[in-house]
A.B. asks: 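Before anything else, here's the structure in question.
All figures in this text were calculated on a predicted structure; none of them were measured in a lab. Lettering of chains follows the sequences in order, A, B, ..., and the numbering in each one begins at 1. Computed from heavy atoms alone, side chains included, the values below leave out hydrogens, waters and symmetry copies.
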Number of protein chains: 2
Amino acid sequence: MKIGDIALETGFSIETIRFYEKQRLVKNVGRNANNYRDYGEEQIAQLVFIKQCRNIGLGLEEVKSLQSHLENPQSDCGEVNRLIGSALKKVREQLKLLHETEQQLKHLNSLCDHSGASHECGIMNELRTTSNF
Amino acid sequence: MKIGDIALETGFSIETIRFYEKQRLVKNVGRNANNYRDYGEEQIAQLVFIKQCRNIGLGLEEVKSLQSHLENPQSDCGEVNRLIGSALKKVREQLKLLHETEQQLKHLNSLCDHSGASHECGIMNELRTTSNF
DNA sequence: ATAAACCCTGAAGTGAATATAGGGTCAATT
DNA sequence: AATTGACCCTATATTCACTTCAGGGTTTAT
């Protein structure tokens, strides 16, 4: 299986897959005669695992950490719990901020919907006055 | 007013304020005899304006664009509208994704809350099976 | 006099990719 | 046989918004 195929299959870009290999997140990649990378089921599983981790907001080093728990089934899973717990906490903080941002933007968005001189634009006037310009 | 003072006043770090000056987001910064930067009300307004823009998710180039609308009151505010509109759209997309992420994480978080071998960890087992490892 | 707490510059590092330059390989068509 | 287009390769640079670092100078308090 060539890199373009696995890219299609996993939804990662070719460049990202090569990048993950350099970062040792994708392992045991073979090469065929012409030096093209050769992928199999193992690499698909690795990439799907990475995708899941990235989708829940984990960083690449955290992904590596979870990979090592996969590879060492006897390891204590306390770290896994901490990792997921703190990811959940971070996501909830982000959600709170993003909700506030949405309210701000909705408010601004309501202040102008026409074209005209900036000094008569409700959005610009709001931004100007709240920053004491 | 020295950089440390305005940093405290505006909530930006000293380094960020110097960085914004290099990026021409903060302007007309004076210098006193010892070559220390010297700030006044104008720079406070600039930084508060930047802070508002960053808080609603705008990038530095977008901040510059809004600044130029402040500086050119006769300019057409159509761009301002588009900018805010697309920011709102992006934020809503992010919110949708983040809500999904939260659900995922809540689910995972419910699968294990003890210490033990990783191969008996509900979180790890979920991640393993969904990636076909 | 000295130490702590400021300030300065310029360059490099961060994360997670994405893009670019410059080249090799392969299958199909002309 | 030659060429075209779609792939693949490496290595390096760029992105964004900062942050950190190295190596200094200045001011304030003891």
Side-chain angles (χ1 to χ4, degrees), chain A residues 1-26 29-40 43 46-67 83 86-87 90-91 94 97-98 101, chain B residues 1-26 29-40 43 46-67 83 86-87 90-91 94 97-98 101:
Chain A
M1 196 182 207
K2 286 190 289 181
I3 198 167
D5 305 323
I6 201 174
L8 260 182
E9 184 122 346
T10 61
F12 285 112
S13 78
I14 288 172
E15 292 76 18
T16 298
I17 293 169
R18 285 199 280 246
F19 170 72
Y20 283 166
E21 183 182 346
K22 205 180 293 176
Q23 304 299 307
R24 303 171 189 282
L25 281 152
V26 175
V29 179
R31 295 281 176 146
N32 57 23
N34 49 25
N35 198 35
Y36 288 8
R37 289 173 177 82
D38 190 18
Y39 299 92
Q43 285 73 41
Q46 289 168 9
L47 284 166
V48 173
F49 184 83
I50 296 168
K51 176 138 281 186
Q52 286 188 89
C53 294
R54 298 288 300 125
N55 280 350
I56 56 178
L58 302 184
L60 300 188
E61 286 305 315
E62 295 173 319
V63 178
K64 280 187 196 172
S65 165
L66 290 193
Q67 279 182 337
L83 228 146
S86 96
K90 271 182 215 153
V91 164
Q94 268 194 65
L97 280 177
L98 215 50
T101 299
Chain B
M1 197 182 205
K2 284 189 291 183
I3 198 167
D5 304 325
I6 200 174
L8 260 182
E9 185 122 347
T10 61
F12 286 112
S13 79
I14 288 172
E15 292 77 17
T16 298
I17 293 169
R18 284 198 281 245
F19 170 73
Y20 283 164
E21 184 182 347
K22 206 179 293 177
Q23 305 299 307
R24 302 172 189 282
L25 281 152
V26 175
V29 178
R31 295 280 177 146
N32 59 23
N34 49 24
N35 198 35
Y36 287 9
R37 287 174 179 79
D38 190 17
Y39 299 92
Q43 285 72 40
Q46 288 168 8
L47 284 166
V48 173
F49 183 83
I50 296 169
K51 175 138 284 188
Q52 287 188 88
C53 293
R54 298 290 296 126
N55 281 348
I56 54 177
L58 302 184
L60 301 188
E61 286 306 315
E62 294 173 319
V63 177
K64 279 188 196 173
S65 164
L66 290 193
Q67 279 181 338
L83 229 145
S86 94
K90 272 182 214 156
V91 163
Q94 268 193 64
L97 279 178
L98 215 49
T101 300

A.B. asks: So does R37(A) get a side-chain nitrogen or oxygen closer than 4.0 Å to the phosphate oxygens (OP1/OP2) of dC8(D)?
C.D. replies: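 The answer is no; no side-chain N or O of R37(A) sits under 4.0 Å from OP1 or OP2.
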A.B. asks: Does T16(B) have a side-chain nitrogen or oxygen under 4.0 Å from the phosphate oxygens OP1 or OP2 of dA17(D)?
C.D. replies: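 So the side-chain polar atoms of T16(B) never come under 4.0 Å of the phosphate oxygens OP1 or OP2 of dA17(D).
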A.B. asks: Do the side chains of I50(A) and L47(A) get nearer than 4.5 Å, heavy atoms only?
C.D. replies: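 When only atoms from C-beta onward are counted, I50(A) and L47(A) do touch, with a gap below 4.5 Å.
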A.B. asks: Is there a side-chain contact between L60(A) and Y20(A), using heavy atoms and a 4.5 Å cut-off?
C.D. replies: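 Sidechains of Y20(A) and L60(A): in contact.
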A.B. asks: Could you state the atom-to-atom distance from CD1 of I17(A) to P of dC7(D) in whole Å?
C.D. replies: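 In whole Å, dC7(D) P lies 14 Å from I17(A) CD1.
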A.B. asks: Provide, to the nearest angstrom, the distance between the CG atom belonging to N34(A) and the C1' atom belonging to dA6(D).
C.D. replies: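 Going from N34(A) (CG) to dA6(D) (C1'), I get 14 Å.
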A.B. asks: To the side chain of Y20(B), which of dC9(D), dC18(D), dT12(D) is closest?
C.D. replies: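 Taking heavy atoms from C-beta onward, the closest nucleotide is dC18(D).
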A.B. asks: Report yes if the side chains of Q43(A) and V29(A) come closer than 4.5 Å at any heavy-atom pair, otherwise no.
C.D. replies: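 Q43(A) reaches V29(A) side chain to side chain.
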A.B. asks: Could you go through R31(B) and R37(B), starting from their C-alpha distance and side-chain angles, then the distance that decides it, and tell me whether this counts as side chain to side chain contact (heavy atoms under 4.5 Å, CB included)?
C.D. replies: CA-CA 5 Å; R31(B) 295 280 177 146; R37(B) 287 174 179 79; 3.4 Å; yes
A.B. asks: Is there a side-chain contact between I56(B) and Q52(B) (heavy atoms, below 4.5 Å)?
C.D. replies: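 Heavy-atom side-chain distance check fails, nothing below 4.5 Å.
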A.B. asks: Mapping F19(A) and I14(B) onto DNA chain C by nearest heavy atom, which one lands closer to the 5' end?
C.D. replies: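 Looking at the nearest nucleotide for each, I14(B) comes out on the 5' side.
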A.B. asks: Give a yes or no answer on whether the side chain of T101(A) reaches the backbone of N55(B) with a donor-acceptor pair at less than 3.5 Å.
C.D. replies: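 Yes, the answer is positive, given that a donor and an acceptor are paired below the 3.5 Å cut-off.
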A.B. asks: Classify the nucleic acid contact of K22(A) as base, sugar-phosphate or nothing, counting any heavy atom under 4.0 Å across all strands shown.
C.D. replies: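 Result for K22(A) = base.
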A.B. asks: Could you check which residues of residues 48-64 of chain B get a heavy atom under 4.0 Å from DNA chain C? Sort them by number, please.
C.D. replies: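 Heavy-atom cutoff 4.0 Å gives no residues at all.
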A.B. asks: Could you state the atom-to-atom distance from CD1 of I6(B) to C1' of dC7(C) in whole Å?
C.D. replies: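 Rounded to whole Å, this separation is 15 Å.
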A.B. asks: Rounded to the nearest Å, what distance is computed from the CG atom of residue L47(B) to the C1' atom of nucleotide dC18(D)?
C.D. replies: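 From L47(B) CG to dC18(D) C1': 15 Å.
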A.B. asks: Any donor-acceptor pair under 3.5 Å linking the side chain of K64(B) with the backbone of Q23(B)?
C.D. replies: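 The answer is yes, because a donor-acceptor pair under 3.5 Å joins these two groups.
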A.B. asks: What's the angle between the local helix axes at either end of the helix from dA1(C)-dT30(D) to dT30(C)-dA1(D), using five pairs per end and rounding to 10 degrees?
C.D. replies: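 Inter-axis angle at the ends, rounded: 20°.
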A.B. asks: In whole Å, what is the span from the CD1 atom of I3(B) to the P atom of dG25(D)?
C.D. replies: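 Result: 20 Å.
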A.B. asks: Assess the residue pair I17(B) and E21(B) against the criterion (side chain to side chain contact (heavy atoms under 4.5 Å, CB included)); give the C-alpha distance rounded to whole Å, side-chain angles, the decisive distance to 0.1 Å, and a yes or no.
C.D. replies: CA-CA 6 Å; I17(B) 293 169; E21(B) 184 182 347; 5.9 Å; no
A.B. asks: Round to a whole Å and report the spacing from NZ of K2(B) to P of dC7(C).
C.D. replies: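 It is 6 Å, rounded to the nearest whole Å.
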A.B. asks: Starting at CG of N35(B) and ending at C1' of dC6(C), how long is that distance when rounded to a whole Å?
C.D. replies: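 Going from N35(B) (CG) to dC6(C) (C1'), I get 14 Å.
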A.B. asks: Less than 4.0 angstrom between a side-chain N/O of S13(B) and OP1 or OP2 of dT19(D), yes or no?
C.D. replies: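 Answer is yes, contact under 4.0 Å.
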A.B. asks: What N/O pairs connect the protein and nucleotides 20-24 of chain C at under 3.5 Å? Give each pair on its own line.
C.D. replies:
residue: dG24(C); atom: N2; partner: Y36(A); partner atom: OH; Å: 2.9

